[in-house]
Number of protein chains: 2
Amino acid sequence: MQEYPELCEEHHVHPDLLAHMKLEMPDESSLYDLAELFKVFGDSTRIRILYVLFESELCVCDIAELLGMSQSAISHQLRVLKQARLVRARREGKTVFYFLADDHVRTIIGQGMEHITE
Amino acid sequence: MQEYPELCEEHHVHPDLLAHMKLEMPDESSLYDLAELFKVFGDSTRIRILYVLFESELCVCDIAELLGMSQSAISHQLRVLKQARLVRARREGKTVFYFLADDHVRTIIGQGMEHITE
DNA sequence: ATTATATATGAACAGATGATCATATGTTAG
DNA sequence: CTAACATATGATCATCTGTTCATATATAAT
């Protein structure tokens, strides 16, 4: 990564505060992971999957039918959601049921919805 | 968009619940906007910009220097953040100061951070 | 074992994304 | 007006992403 030292002729905030910001900044890998997490929310198909799972666990084929999409497309996206630990799965015979992993999903989507509707 | 009716031989949840889910689902444009919003969070450069703005408003050059990136790159990303109404700007002479638009940013990033660190 | 159903996965391709570079715009000082 | 500084923007390009299609795996029934 290139460095760009002293871009400004003079700073507009105290150097102490700039130093503090650098210290308070989470480490690079956390920031990367955080961006990766939000990328997962950044697709309307995955958002829609999470929304239907708000109500109840569902099997892959029911999700596909609800969203009017192919089984394959949904399965690929469920894998992404699972890797991000936003959903979990349990198998029952041939069927695999997916469900929300925790409540952060609801909070994050709820806050996002608040933001766009204000 | 293609339709995939009756993918399952038989449903695993009550048809009534499936119908309810379709009703509860936000309209297509809200879901699209929501995904667009999270896409904005889904980039580590933009996350880092939001993080430094947690502390104080900052001019473009100070942000660029803090993050070790070019003025142009930061300016492009600030535009994305501004279009998503996550940051706002005020001009003071030659300098433009950017600051967080509201508190949803903090909540969303906070919840995201909780999720990845648990 | 064979067949059918449910789900998962790899390859491929079109479309989106983010940094860079060059340049334009806006503002102030001289 | 002109020069200098701060910021914004358009074009380009390499990379990433999401769907489709074909196929593989897993489970159950006959």
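Values reported hereafter were calculated over all heavy atoms of this structure, with side chains retained and with hydrogens, waters and symmetry mates removed. Here is how names work: the chains are called A, B, and so on, in the same order as the sequence lines, proteins then strands, and each is numbered from 1.
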Checklist entry - How are the rings of B:Phe41 and A:Phe38 set relative to one another: parallel (under 30°), tilted (30 to 60°) or perpendicular (over 60°)? => result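 It falls in the tilted class, 30° to 60°.
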Checklist entry - Any side-chain donor-acceptor pair under 3.5 Å between B:Ser30 and B:Asp33? => result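 No.
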Is there a side-chain contact between [X] and the phosphate of [N], meaning an N or O under 4.0 Å from OP1 or OP2?
X: B:Ser70; N: C:dT20; result: yes
X: A:Arg91; N: D:dA26; result: no
X: B:Tyr98; N: D:dA8; result: yes
X: B:Arg46; N: C:dG18; result: yes
X: B:Thr45; N: C:dA19; result: yes

Counting only side-chain heavy atoms from C-beta out, which of [options] sits nearest to [X]?
X: A:Thr95; options: D:dG18, C:dT7, D:dA8; value: C:dT7
X: B:Val96; options: D:dT7, C:dT7, C:dG10; value: D:dT7
X: B:Lys94; options: D:dC5, C:dT7, C:dT17; value: D:dC5
X: A:Cys61; options: C:dT7, D:dA8, C:dA19; value: C:dT7
X: B:His76; options: D:dG18, C:dT9, C:dC21; value: C:dC21
X: A:Gln71; options: D:dA28, C:dT7, D:dA8; value: C:dT7
X: A:Arg79; options: D:dT20, C:dA19, C:dT9; value: C:dT9

Item to check | Student check: side-chain heavy atoms of A:Arg79 and A:Ser75 closer than 4.5 Å | outcome: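 A side-chain contact is absent here, since even the closest heavy-atom pair is not under 4.5 Å.
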Checklist entry - Below 4.5 Å, heavy atoms only, C-beta onward: do B:Arg90 and B:Glu57 meet side chain to side chain? => result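 Yes, their side chains come closer than 4.5 Å.
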Euclidean distance, atom [atom1] of residue [X] to atom [atom2] of [N] [Å, nearest integer]:
X: A:Asp62; N: C:dA6; atom1: CG; atom2: C1'; answer: 11 Å
X: A:Asp43; N: D:dT19; atom1: CG; atom2: C1'; answer: 10 Å
X: B:Tyr32; N: D:dG18; atom1: OH; atom2: P; answer: 13 Å
X: B:Glu65; N: D:dC5; atom1: CD; atom2: C1'; answer: 15 Å
X: A:Lys39; N: D:dT15; atom1: NZ; atom2: C1'; answer: 11 Å
X: A:Gln83; N: D:dT17; atom1: CD; atom2: P; answer: 12 Å
X: B:Leu58; N: D:dA6; atom1: CG; atom2: C1'; answer: 15 Å
X: A:His12; N: D:dA6; atom1: NE2; atom2: P; answer: 7 Å

Checklist entry - Does a sphere of radius 6.0 Å around CZ in A:Arg88 hold more than 12 heavy atoms from other residues, nucleotides or ligands, not counting ones at 6.0 Å or beyond? => result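 Incorrect, the count does not exceed 12.
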Checklist entry - Is the count of non-hydrogen atoms from other residues, nucleotides or ligands lying under 6.0 Å from B:Phe54 atom CZ greater than 12? => result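 Yes.
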Next on the checklist: Once you apply a heavy-atom cut-off of 4.0 Å, does A:Phe97 come out as touching a base, just sugar-phosphate, or nothing?
Outcome noted: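 Nothing, no heavy atom under 4.0 Å.
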Checklist entry - Which part of the nucleic acid does B:Ser75 contact within heavy-atom distance under 4.0 Å: base, sugar-phosphate only, or nothing? => result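 Base: the residue B:Ser75, judged by heavy atoms under 4.0 Å, touches a nucleobase.
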Next on the checklist: Between the base of D:dT9 and the side chain of B:Ser72, is there a donor and acceptor pair under 3.5 angstrom?
Outcome noted: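 Counting by modelled atom types and ignoring angles, a donor-acceptor contact under 3.5 Å is found here.
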Checklist entry - Given that A:Ala73 and A:Gly93 both sit by DNA chain D, which one's nearest nucleotide is further toward the 5' end? => result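 Comparing both residues, the 5'-ward one is A:Ala73.
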